[in-house]
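One structure is given below, encoded as structure tokens.
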Amino acid sequence: MGSIEQQVSAAIRTSCDETELMGVIAKAREDGTEQIRNCLARLDELIAAAGNHW
């Protein structure tokens with residue numbers, strides 16, 4: 001998530017084109033959503049693997 005924040009921050013600092021800026025933000029949102037989905041899927045796998053050991 002840190003790299004996504006850096007990408008958005010860099011775009012805000014350097015871009016004068018609103019369309020480009022909105023594109024970077026949309027891409028960051030997609031990437032962040034993907035990372036969250038991957039993390040949740042991994043947690044599901046760990047919980048399933050733990051079985052009744054909890």
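None of the values given here were measured: they were computed from a predicted structure.
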Going by the side chain to side chain contact (heavy atoms under 4.5 Å, CB included) test, name the single residue among Arg29, Lys27, Glu34 that passes it with Asp31.
-> Lys27
From [X] atom [atom1] to [Y] atom [atom2], the distance as rounded to the nearest 0.5 Å:
{"X": "Arg37", "Y": "Gln35", "atom1": "CZ", "atom2": "CD", "result": "11.0 Å"}
{"X": "Thr33", "Y": "Asn38", "atom1": "OG1", "atom2": "CG", "result": "11.0 Å"}
{"X": "Leu40", "Y": "Ile47", "atom1": "CG", "atom2": "CD1", "result": "9.5 Å"}

Would you find more than 12 non-hydrogen atoms of other residues, nucleotides or ligands less than 6.0 Å from Glu45 atom CD?
-> yes
